[in-house]
Amino acid sequence: MNFAQSIEIGAAAERRAIDAFLDAGWCCIGHGLAQVGRTQLPLITRAGQKPSTDFCVFKKGDSLFVEVKSKEPLQRGGFGLDAAQWESLLDHDSFTPGRVLLVVEDRHADELLVAPVKTLKGAADWSLDGRYAIFPYEVFRPLAVFLKGWEEWTI
């Protein structure tokens, strides 16, 4: 798979996640959506510029930052995330504690799954070579379930 194809798969997963949030009454700002040749807008902090997530959603005075990945489950179960991407999400979460979500499009099950970064922190394991953070499948919930009861996930 080449870079453009990879971006296309990611963009389709982002669109699918955004549509699910919109259908549930959220509004969205797509500041970091996957596009070939497009620079992602940074999160600007007192510590300097940091990579941001794919998009933000807003509903009834609440906001969440959302990163979307399209993945095949690992043979050992769960999903992997490149160490640099995981460190970026942890960094982002430190500025917006409890407000950052990882949405995974499970390409095998054709389902969108979600977990807050604060939950993933306690469940993360590392690949033997240290290049990937590994998250067990059990920490994720269907995005549809999250959207029906999002307050209990984010408080």
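These figures come from a predicted structure and were not determined experimentally.
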| remark: Correct closest heavy-atom pair for Leu22 and Cys27 would be CD2-CA, 4.3 Å
| field | Minimum-distance pair of heavy atoms, taken over all atoms of Pro142 and Val114 | value | O-CG1, 4.2 Å
| message | For the CD1 atom of Ile18 and the CG atom of Asp23, what is their distance to the nearest 0.5 Å? | response | 12.0 Å
| said: Any non-hydrogen side-chain atom of Ser94 less than 4.5 Å from a side-chain atom of Asp91? | reply: yes
| request: Using the rule that two of Ile, Leu, Val, Met, Phe, Trp, Tyr join whenever any of their side-chain heavy atoms come within less than 4.5 Å, decide whether Phe79 and Leu74 are in one cluster. | output: no
| At what distance, to the nearest 0.5 angstrom, does NZ of Lys118 lie from CG of Leu90? | 14.5 Å
| query | Is there side-chain contact between Phe146 and Phe140, with heavy atoms separated by less than 4.5 Å? | reply | no
| field | Side-chain heavy atoms of Phe55 within contact of Cys28, under 4.5 Å | value | yes
| message | Between Arg141 (side chain only) and Glu138 (backbone N and O only), is there a donor and an acceptor less than 3.5 Å apart? | response | yes
| message | With rounding to the nearest 0.5 angstrom, report the CG to CG distance, Leu120 to Leu89. | response | 8.5 Å
| message | To the nearest 0.5 Å, what is the distance between CH2 on Trp126 and CH2 on Trp86? | response | 8.0 Å
| request: Over all heavy atoms of both residues, which pair between Ala20 and Leu147 is shortest? Give the atoms and the distance, please. | output: O-CD1, 3.4 Å
| query | Can you tell me how far the CG atom of Leu81 sits from the OH atom of Tyr132, to the nearest 0.5 Å? | reply | 10.0 Å
| remark: Heavy atoms of His108 and Glu72 approach each other most closely as CB-OE1, 3.8 Å
| request: For Asp129, enumerate each residue passing the side chain to side chain donor-acceptor pair (under 3.5 Å) test, keeping only those at least two apart in sequence or located in another chain. | output: Ser127
| task | Taking all heavy atoms of Ser52 and all of His92, pick out the closest pair and write down the distance. | result | OG-CE1, 3.6 Å
| note | CG (Leu102) and OG1 (Thr119) are apart, to the nearest 0.5 Å, by 11.0 Å
Sequence neighbours left out, cut at 3.5 Å: what donor-acceptor pairs do the side chains of residues 63-71 make with other protein atoms?
from  : atom 1 : to     : atom 2 : distance (Å)
Glu67 : OE1    : Asp54  : N      : 3.3
Glu67 : OE2    : Lys69  : NZ     : 3.1
Ser70 : OG     : Glu105 : OE1    : 2.5
Ser70 : OG     : Arg107 : NH1    : 3.1
Lys71 : NZ     : Gly80  : O      : 3.0

| note | Taken in chain and number order and not counting sequence neighbours, the residues that satisfy side chain to side chain donor-acceptor pair (under 3.5 Å) with Asp125 are Arg76
